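Quick notes on the structure that follows.
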Protein chains: 2
Amino acid sequence: MDGYALKGADIAGASADSPRRLPVIGIVAAGQLPERAVESGTAMRIMTGAPVPDGADTVVPFEETDEVKRKQEGRPLDEVAVFSEMAVGSNVRPAGEDIRQGELVLEAGTVVRAAEVGVLASLGLDRVRVVRRPVVSVLATGDELESAGAALSGGKIYDSNSFSVAASVVASGGIPRLLGIARDNLDDLNAKLAATAGSDLVITSAGVSKGDYDIVKDVLEQRGKMNFWSVRMRPAKPLAFGHLRDDGGRDVPLLGLPGNPVSAMVAFEMFARPAIRCMLGRPVRPRPSVDGVLTGPIRNYDGRRVYARVEVEKRDGVYYATPTGPQGSNILTSMSRANGLAICPEDLTAKQAGEQVRIIMLDWNEEVDL
Amino acid sequence: MDGYALKGADIAGASADSPRRLPVIGIVAAGQLPERAVESGTAMRIMTGAPVPDGADTVVPFEETDEVKRKQEGRPLDEVAVFSEMAVGSNVRPAGEDIRQGELVLEAGTVVRAAEVGVLASLGLDRVRVVRRPVVSVLATGDELESAGAALSGGKIYDSNSFSVAASVVASGGIPRLLGIARDNLDDLNAKLAATAGSDLVITSAGVSKGDYDIVKDVLEQRGKMNFWSVRMRPAKPLAFGHLRDDGGRDVPLLGLPGNPVSAMVAFEMFARPAIRCMLGRPVRPRPSVDGVLTGPIRNYDGRRVYARVEVEKRDGVYYATPTGPQGSNILTSMSRANGLAICPEDLTAKQAGEQVRIIMLDWNEEVDL
């Protein structure tokens with residue numbers, strides 16, 4: 001506070017009618033050290049951010065003194081009249097008030113957000129040890145794929161998985177390394193996988209189903225280990241997880257996402273995101289979820305757990321989940337319109353409009369207004 | 001689906017006991033164009049991702065045929081036996097099922113998240129017009145400030161605002177430009193402000209109170225316009241907003257945050273974050289907020305709206321807000337422990353433990369578990 005540093009006892013009983021007049025023995029600005037101590041019956045002019053001089057225990061703001069009047073009248077500032085008493089300690093921040101010497105400031109595992117950045121800077125720390133962000137290699141597979149920006153020839157479609165997965169890696173806290181498109185043969189796939197060296201996780205898409213060209217599974221059997229394959233969920237049943245032995249003899253986890261674009265995103269959500277957050281040292285917990293009312297049916301016909309894309313709105317305190325159109329695993333626009341995934345359990349054949357559902361919230365922000 | 005493309009009508013009534021045998025007239029893999037059409041009574045071998053040949057309307061997966069047995073027995077694949085009938089259209093994705101020609105795919109103003117990145121890539125778009133991220137110049141002011149990493153001499157403290165603000169800019173979607181520390185004189189402040197050229201927003205901290213060295217206000221009066229100053233809130237009362245005329249004659253908005261570290265962060269939250277999101281073309285809406293029960297008091301003593309740092313937890317469906325310790329605007333660690341700001345309205349002198357409060361959620365994620 002800009003004002004006068006003094007001993008609080010010296011202004012006990014001060015008022016506008018009965019001001020206390022004190023000689024001003026100096027000035028201390030921010031960034032300076034006081035040149036002397038404040039003794040009883042004296043005051044030192046002080047600016048916000050300046051260290052409080054020895055002897056002083058209270059700062060009286062200019063507004064409670066004749067400072068402004070004195071300046072206006074051109075009178076010297078060698079004396080000040082104080083118009084009100086103040087509690088001892090007013091407008092003084094004791095050293096160590098926020099952080100005491102030896103105190104644990106941030107526990108290991110703390111996420112470094114803006115406030116933590118500020119706390120670290122306030123301690124003069126311009127670098128700290130952190131869990132580094134995992135590097136995630138992202139590789140699409142398929143002879144039919146072409147990259148965005150290139151011309152599309154007959155029989156081809158554009159690769160969307162590389163980019164939706166890479167964006168999801170960023171959103172999950174990882175660093176994506178885009179490896180492009182591997183063609184449906186072991187030579188090309190092995191060549192592309194060589195570029196995963198040093199990655200913490202490899203994510204492929206497609207090549208994990210049951211056909212002649214489903215070679216991600218083949219390469220895992222050849223160069224690593226398949227841990228599991230096929231999950232009882234819709235979309236994203238043909239998901240594979242294994243470990244790839246790299247040239248240095250290190251086992252790198254590999255998540256083989258299905259090729260359908262929605263399947264790839266839902267499988268990422270359920271498997272890759274928790275893995276990346278675990279690698280970040282964060283506790284593995286599910287996304288926030290809410291109970292809501294379905295406004296349209298979710299069908300289930302083969303005993304899998306269904307994650308239906310829904311738009312969630314809150315009206316009068318109730319969450320409503322509206323399926324965002326056809327639920328085919330190729331319909332990526334309905335993923336774009338969704339902010340949640342509503343669950344139809346594996347032991348039900350449907351959830352009907354009006355029924356309660358559990359909804360995993362993919363987004364929770366201003367736009368959603370929940 | 002890997003299987004056989006054919007006319008669905010040709011396998012009506014097929015079963016394991018009464019399979020339909022069809023000559024295989026070719027094969028089409030992903031990325032290829034079929035060499036011929038499928039005529040009634042024939043089938044074409046097809047791989048996932050391949051275009052469906054003309055004439056075919058249904059794909060029968062390998063599992064519903066003698067494919068595997070035939071391969072195991074080394075028999076030629078020039079004929080296939082189909083063991084089950086299938087609905088016409090099974091396992092075929094019609095072209096344009098997701099996006100029709102001429103359809104509006106993403107409205108202007110849509111946030112480009114992972115799903116939108118995927119949708120754009122699926123259309124072959126490797127670049128789109130977006131609202132660019134605003135560039136936000138960040139400048140601390142004060143003779144008492146030293147930068148993290150440097151040694152601290154007498155009377156100095158470390159600058160934390162530059163870094164907590166810059167991190168908040170990133171979290172809000174902007175691009176921070178760190179300009180360092182301006183000393184408490186107009187020459188230095190003007191020199192530092194010259195580096196803000198091209199910024200969309202300038203954020204300073206400190207220099208907006210009532211003292212001799214509160215020069216951000218002075219510079220605004222000299223080189224621009226002060227729009228308002230001082231807000232009835234706690235913390236962050238001495239907040240200034242104005243426009244700075246740059247050398248090109250352009251008026252750049254300037255938000256002068258208070259110098260106290262918590263005040264700076266809360267003022268950022270209430271004023272800078274909405275401004276940045278507005279510049280991003282996003283609707284200006286408050287953060288998600290919840291009603292909860294206070295577990296400790298929030299005091300109010302001068303008719304301002306109080307934003308108290310609290311830790312929010314949900315137990316048995318009820319949100320509880322616990323103040324994170326002393327609420328002095330210098331206590332940055334209590335901001336670090338907070339995930340919400342509980343409001344004590346300006347017309348109350350306190351909110352007591354057990355009372356209902358409105359809580360602005362600063363964080364809403366797995367760790368919070370709400």
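Since the structure is predicted, the reported quantities are computational estimates derived from the model, not experimental observations. These numbers come from the heavy atoms of this one structure, side chains and all, not from hydrogens, waters or symmetry mates. By convention in this document, chain letters (A, B, ...) are assigned in the order of the sequence lines, proteins followed by strands, and residues within each chain are numbered from 1.
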Might you point out which heavy atoms bring [X] and [Y] nearest each other, and give the distance in Å?
X: S336(A); Y: V119(B); value: CB-CG2, 4.1 Å
X: D184(A); Y: A30(B); value: OD2-CB, 4.3 Å
X: Y158(A); Y: L123(B); value: CD1-C, 3.7 Å
X: S329(A); Y: R93(B); value: OG-NH2, 3.2 Å
X: G155(A); Y: P51(B); value: CA-CG, 3.5 Å
X: S160(A); Y: G118(B); value: CB-O, 3.1 Å

Option in S168(B), A115(B), G259(B) with maximal non-hydrogen atom pairs under 4.5 Å from chain A: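 Between S168(B), A115(B), G259(B), the count favours A115(B).
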So which residue, S153(B), A167(B), A148(B), P326(B), ends up with the most heavy-atom pairs under 4.5 Å with chain A?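 Of S153(B), A167(B), A148(B), P326(B), A148(B) has the most heavy-atom pairs under 4.5 Å with chain A.
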Is the shortest side-chain heavy-atom distance between [X] and [Y] below 4.5 Å?
X: K314(A); Y: P288(B); value: no
X: D214(A); Y: D2(B); value: yes
X: I99(B); Y: L332(A); value: no

Report the option among A206(A), G154(A), P261(A) that has the most heavy-atom pairs separated by less than 4.5 Å from atoms of chain B.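 Of the candidates given, the most pairs with chain B belong to G154(A).
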For S164(B) and R113(A), test the side chains for any donor-to-acceptor distance below 3.5 angstrom and give the result as yes or no.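 S164(B) vs R113(A): no donor-acceptor pair found between side chains.
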Looking only at side-chain N and O atoms, does N330(B) offer a donor or acceptor that is under 3.5 Å from a partner on E97(A)?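 Result is yes, a qualifying pair exists.
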Measure distances from [X] to the heavy atoms of chain A and classify the residue's part below 4.5 Å as side chain, backbone, both or neither.
X: N260(B); answer: side chain
X: A338(B); answer: backbone
X: I331(B); answer: both
X: M335(B); answer: both

Rounded to the nearest 0.5 Å, how far does CZ of F163(B) lie from CG of L120(A)?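 Result: 11.0 Å between the selected atoms.
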So, the side chain of D143(B) versus the backbone of Q32(A): is there a donor-acceptor pair under 3.5 Å, distance only?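 No: the side chain of D143(B) does not pair with the backbone of Q32(A).
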Considering residues, nucleotides and ligands other than N185(A), do more than 12 of their heavy atoms fall under 6.0 Å from its CG?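 Yes, because the 6.0 Å sphere around CG of N185(A) holds more than 12 heavy atoms from other groups.
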D291(A) atom CG, neighbour heavy-atom count above 12 within 6.0 Å: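 For D291(A), atom CG is crowded (more than 12 foreign heavy atoms under 6.0 Å).
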Does the side-chain hydrogen bond (donor to acceptor under 3.5 Å, both in side chains) test come out yes or no for R337(A) and T110(B), once each step is laid out? CA-CA 10 Å; R337(A) 282 189 298 271; T110(B) 300; over 6 Å; no
